[in-house]
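Data first, discussion second: the structure below is written as structure tokens.
Positions are given from 1, in the same order as the sequence printed here. In each ligand, atom 1 is the first atom listed, and ligand 1 is the first ligand listed.
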Amino acid sequence: MYWADRHVVVGVTGGIACYKSCHLVRRLVEAGARVDVVLTKAAAEFVGPLTFEALTGRPVLASLWEPGRALAHVHLGQTADLVIVAPATAHLVARLSHGFADDFLTAMLLAATCPVLLAPAMNDEMFASPATGRNLADLVARGFACVGPEIGPLAEGASDRPGRMSEPEVILDHGARLLSGANPLRGKNVVVTAGPTRESLDPVRVVTNRSSGKMGYRLAAAAWRRGATVTLITGPSAESVPVGVTVERVESTAELEAAVRHALPSADLLIMAAAPADYRPAATPTEKRPRADGPVTLVFEPTADVLMATRAQRKPGAVVVGFALETGNAVEKAKAKLVRKGLDFIVANDASEAGAGFEVETNRVTVLDAGGGQFEVPLADKATVAERILDRVGTRWTT
Ligand code: CTP
């Protein structure tokens, strides 16, 4: 949704990280963007124009002196939706900061009026140098967006200091956030809960449920791409941390409740996608139960209903979204939960349907709202479903 039919210019400068620029360009083209690549002379020493021409199906721009393209360096940054410079070397950062316009890329950037995202990559000492620090700070103050560099292996060996270019997927998420423009979630504080919680049976054993956290993680990622500040409160999950999102890890339902209670007063939107354990053992021994003790009878007591227990902490006007994962008759059961839990929206999931619910990459949901509205989201991957849910939730601020 972010890249389809967008015109993106990718500027590539001469650092070894430019082998990753090919992947970035490829991903943009796959996502539906029209991509123009601008190469510096040094970049062309690393990756030839032919590679980018094959990836984009368009001629590469490299020279100010090409006949027939006299004003391309002026127009490109004024008509594109976004310019990404990846990698942005120390030299490019310095030239841009000082207003140089001695090749196609710097001339285009000096005249650009669209958002520009820089992905710096350089030796760690170069990045730590006061000159680079000053130049980058100047560019950020002038409105350039910046992603990375990150700590990780450099061409010259391992380093524990920043220098490595952010991965293409991370650059794409930052680009999507710039492209998402004015939308109801921009500037909002969003809290998303995800994953299962687990309760201790003894110091080594737990009781939990099948939630993977996928839906909540995709929602947190999508909310961040829309310009929100996002806190993800998550139970144990193998999912990787979404770009830009602050993550708080919890284990039990009591810890989840405490974290939600703490986060709620500043939240404009709470999305409770977590599947908290509804019961916990009434007593937990401090030592591991030996198997030789034979059969065990456990007494479980209910945990708190987090949504209900934290109602008083909701900021006035905050929007609250719950989830209802059912096994049959999901919409009717979800409607009852929407009312009982004082929600603005509830996302009804039927785990008995193929491709929906826990531990799968896809979902099919119905979003119900407190006004009686009902919005169907057809079967799709969970990232797409997350976008559709946020489209619907966003209407709360626009209608
Ligand atoms: N929820 C919660 N605290 C719990 C259990 C659930 O806040 N202890 C939230 C979930 O995150 C979800 C919504 O309540 O947003 C509905 O969860 P669900 O498990 O379907 O509801 P329950 O109240 O546990 O009802 P049921 O008896 O169907 O399990």
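- A distance of 5.0 Å separates CG in Leu139 from OG in Ser97, rounded to the nearest 0.5 Å.
- Closest to atom 12 (C) of ligand 1 among all protein heavy atoms lies Phe323 O, 3.0 Å.
- Checking only distances, Asp278 does come within under 3.5 Å of ligand 1, N or O to N or O.
- A salt bridge is defined here as a Lys NZ or Arg NE, NH1 or NH2 lying under 4.0 Å from an Asp or Glu carboxylate O, and Glu53 with Arg58 fails to meet this definition.
- For Arg95 and Asp103, the salt-bridge test passes: some basic side-chain N is under 4.0 Å from an acidic carboxylate O.
- Considering backbone and side-chain atoms together, Met272 places an N or O closer than 3.5 Å to an N or O of ligand 1.
- When only interatomic distances are considered, the shortest N/O to N/O separation between Ala277 and ligand 1 does not fall below 3.5 Å.
- The presence of a protein heavy atom under 4.0 Å from atom 17 (O) of ligand 1 is confirmed.
- Looking at heavy atoms from C-beta onward, Leu96 lies in side-chain contact with Leu118 at the 4.5 angstrom threshold.
- Taking a cut-off of under 4.0 Å to the non-hydrogen atoms of Ala304, the atoms of ligand 1 that pass are 3 (N), 4 (C), 8 (N).
- Using a 4.0 Å cut-off to heavy atoms of Asp305, the atoms of ligand 1 that qualify are 2 (C), 3 (N), 4 (C), 7 (O), 8 (N), 23 (O).
- The atoms of ligand 1 that sit less than 4.0 Å from any heavy atom of Leu307 are 2 (C), 7 (O), 9 (C), 13 (C), 14 (O), 15 (O).
- For ligand 1, the atoms lying closer than 4.0 Å to a non-hydrogen atom of Lys337 are 18 (P), 20 (O), 21 (O), 25 (O), 26 (P), 28 (O).
- Asp138 places no side-chain N or O within donor-acceptor distance of the main-chain N or O of Arg134, the cut-off being under 3.5 Å.
- Short contacts between ligand 1 and Arg340, defined as distances under 4.0 Å to a heavy atom of the residue, involve ligand atoms 23 (O).
- At least one N or O atom of Val306, backbone or side chain, sits closer than 3.5 Å to an N or O atom of ligand 1.
- In summary, Arg249 and Glu255 do not engage in a salt bridge, as defined by a charged side-chain N under 4.0 Å from a carboxylate O.
- Within the structure, ligand 1 has Lys341 among the residues with a heavy atom less than 4.0 angstrom away.
- Residues that satisfy the side-chain hydrogen bond (donor to acceptor under 3.5 Å, both in side chains) test with Glu387, not counting sequence neighbours, are Tyr2, Arg225, Arg226.
- If you number the atoms of ligand 1 from 1 as listed, the ones under 4.0 Å from a heavy atom of Gly322 come out as 15 (O).
- One N or O on the side chain of His98 and one on the backbone of Ala94 form a donor-acceptor pair closer than 3.5 Å.
- With side-chain heavy atoms closer than 4.5 Å counting as contact, directly or through intermediates, the hydrophobic cluster containing Phe300 also holds Leu201, Val207, Tyr279, Val296, Leu298.
- Looking only at protein heavy atoms, the nearest one to atom 10 (C) of ligand 1 is Ala274 O, 3.6 Å.
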